Structures are given as structure tokens and as C-alpha cells.
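Just so it is clear: chains get the letters A, B, ... in the order the sequence lines come, proteins before strands, and each one is counted from 1. From a predicted model like this one, the values you see are computed outputs, not experimental measurements.
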2 protein chains.
Amino acid sequence: MEVDTWKVQLRKGVLDMVILNILRDGALYGLEMVQRLEEVPDLTISEGTIYPLLSRLRADGLVFTEWVESDQGRPRKYYSLSKNGIELLEKINGAWGSFTKSINNLIDKNGGGI
Amino acid sequence: MEVDTWKVQLRKGVLDMVILNILRDGALYGLEMVQRLEEVPDLTISEGTIYPLLSRLRADGLVFTEWVESDQGRPRKYYSLSKNGIELLEKINGAWGSFTKSINNLIDKNGGGI
DNA sequence: CATAATACCTTGTATAGCAAGATATCTTGT
DNA sequence: ACAAGATATCTTGCTATACAAGGTATTATG
């Protein structure tokens, strides 16, 4: 996955970006991400969304996984950013900045009544 | 189409928002929108994207159309914002603002070191 | 009359988000 | 020991979108 192809896909999913960002502080497991995003307005997702998404990130080599025993319930599959994931994250966050700038220009230009 | 359903669909398409915004200054025809967006970074689209999208906006009652003769080439189908379209546009632009704020918070919180 | 330019529309493909359901493990109550 | 519930992952089936490519129609030009 390259930045250019990500730009193409951007409109179909800022979720990849969001997930990569919340993994920045350290490993999380799937359900934990769902719960964390429940607290963020407009970013609530379900399990049917997160697991295929994480599989994709893993297939793309952006994250790696590790099973960890839990003292309650099933073992958890923790996801961590790979080196590629970290690199892409930097690029993606930059691209997000210019993308929103483009759109905000468009909104201001037309909305501001020139 | 309501704001709530739009929020759900947001990640799948900021294009609706973009089109509604460029129609704010007045009517445009399909190909003209494609050409105008060619000049905006990251927002280049093709005819296979714009026409189904415009049909959808029209079916949703957000725009109305008008055929206008051209002195060169085929007659053009001009699209204008309906009253519903204008109302939704205001709501959408507001929702876009809070959506980007959510994401920027996430990026800053994790990227800025807590 | 053929070719090019303009403009609109449709078809087929790939992919994403999601609700709902399936599967597996561990804890708790009886 | 056993059923019920909680935790956690994964899959299936549906709907919708973006897009490349191709099709249709009108007018101008060589």
C-alpha cells in the first residue's frame, strides 16, 4: 500500500487512518479499539467492521499481531504497528492535512461568497 | 437523505459534499464539474463517477436540472441546488467541521505524546 | 462525408461498512 | 458438574460507492 493509492481510497475510508493512529501509543486488541472509538464522536464502529479491516492492515504488512492470554475471557490478539505501518502513518497524517485543506478551501471559497 | 444517515456514509464519500459546495455559486453541468475539480488537489474525478452521483443527488431532491442549448457541442444539463439541497449543505458543512475536529484530536492526542 | 470535439449515460468490477450470526474460551451461580 | 453469561474473534450476506471502459448523441471542421 502506497500513499498514492491511499489517496485514491481516502474517500472510502478514513478508518484505516484512525486505527493506525490509535495504535501509535502501543498495542491494542480488536474489541478494545471498538470500545475506545465508542467515545469518539462520529467514529463508532462495530466488530463486523474492525476485524476485516485489521486483517487487511495485517495482509498489507502495516501491523503485526501477537496472542496474549487474558485473566478474563478468551485470549486476545494484540495489534502493533510495524515499521512500514509507522512510516505510512506519517505520510497519511500529512496527506490528511492537505486533503482537509483542499476541502476547507472549497467550502470557504464558495461559502464565503467571493 | 438526513444528516444522520449522511454521517454514517461520510467515510464512503466526501464527494457528495464537494459537489454540493461547488454548486453554491450557481448552476454547473456535469463535465464542467469534472474539469473544475481537476484543479483541486486530491479531488480529481471521472465522468463515470460524476454522472451516477448527480443522478443520486437528483433522486434525493437535493438538486434540480435544466437543459440549456450550447453554441458548441451538445446541449448541457445544468444542475442547481434545491431548497433541500441548500439546507442539507449547511448541515453537512457543520458536520464536516466536527468530524475533522474529532480526527484531528485523535491524531494530535496520539501523535503529540499524550 | 468522415473525423474530431463535446457532453451525457451505462455496464462491469473491486471494495468498504455493517448487521447479524457463528465460534471459542473463561467465569459464575446453582 | 453443568448451564448461563461474559469476553473476544471471525464470517456471511447485503448494500452502496468509485472508477475504468465503453456506448450514444449532437455539432463543427477538414
Can you figure out which of [options] approaches the side chain of [X] most closely?
X	options	answer
A:R74	C:dC9, D:dA18, D:dT7	D:dT7
A:Y29	D:dA8, C:dA7, D:dT17	D:dA8
A:K77	D:dC19, D:dT9, C:dG17	D:dT9
A:Y51	C:dG17, D:dC10, C:dA7	D:dC10
B:P75	C:dC26, D:dT9, D:dT26	D:dT26
B:R76	C:dC8, D:dC10, D:dC19	C:dC8

Reported CG-to-CD1 distance for the pair A:D42 and B:I103, which is rounded to 0.5 angstrom: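 Going from the CG atom of A:D42 to the CD1 atom of B:I103 covers 8.5 Å.
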
Whole-Å gap separating [atom2] ([N]) and [atom1] ([X]):
X	N	atom1	atom2	value
A:L57	D:dC10	CG	P	13 Å
B:E69	D:dT27	CD	P	7 Å
A:L31	D:dC10	CG	P	11 Å
A:E32	D:dA8	CD	C1'	12 Å
B:I45	D:dA20	CD1	C1'	14 Å
B:D42	D:dA18	CG	C1'	15 Å
A:D16	C:dA16	CG	P	8 Å
B:L54	D:dC19	CG	P	14 Å

Within 6.0 Å of CD in A:E87, more than 12 heavy atoms from elsewhere: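 Yes.
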
Criterion side-chain contact (heavy atoms from CB on, under 4.5 Å) against B:Y79, the qualifying member of B:L57, B:L23, B:L28, B:L62: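 Among B:L57, B:L23, B:L28, B:L62, the one that satisfies the side-chain contact (heavy atoms from CB on, under 4.5 Å) with B:Y79 is B:L23.
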
5′-ward residue of the pair B:E47/B:R56 relative to DNA chain D: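 Its nearest nucleotide lies further toward 5', so the answer is B:R56.
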
Basic-acidic side-chain contact under 4.0 Å: A:E90, A:R24: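 Salt bridge flag = yes for A:R24 with A:E90.
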
Contact nearer the 5' end of DNA chain C, comparing A:L53 with B:P52: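 Residue closer to the 5' terminus by nearest nucleotide: B:P52.
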
Short side-chain N/O contact from B:S46 to OP1 or OP2 of D:dA20, under 4.0 Å: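 It does, given that an N or O in the side chain of B:S46 lies less than 4.0 Å from OP1 or OP2 of D:dA20.
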
Co-membership, hydrophobic cluster, residues B:W67 and B:L81, 4.5 Å side-chain: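 No; tracing contacts between hydrophobic side chains, which count when under 4.5 Å, never links both residues.
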
Touch class at under 4.0 angstrom, heavy-atom based, for A:G30 against every strand present: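 Counting heavy atoms under 4.0 Å across all strands, the contact made by A:G30 is with sugar-phosphate only.
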
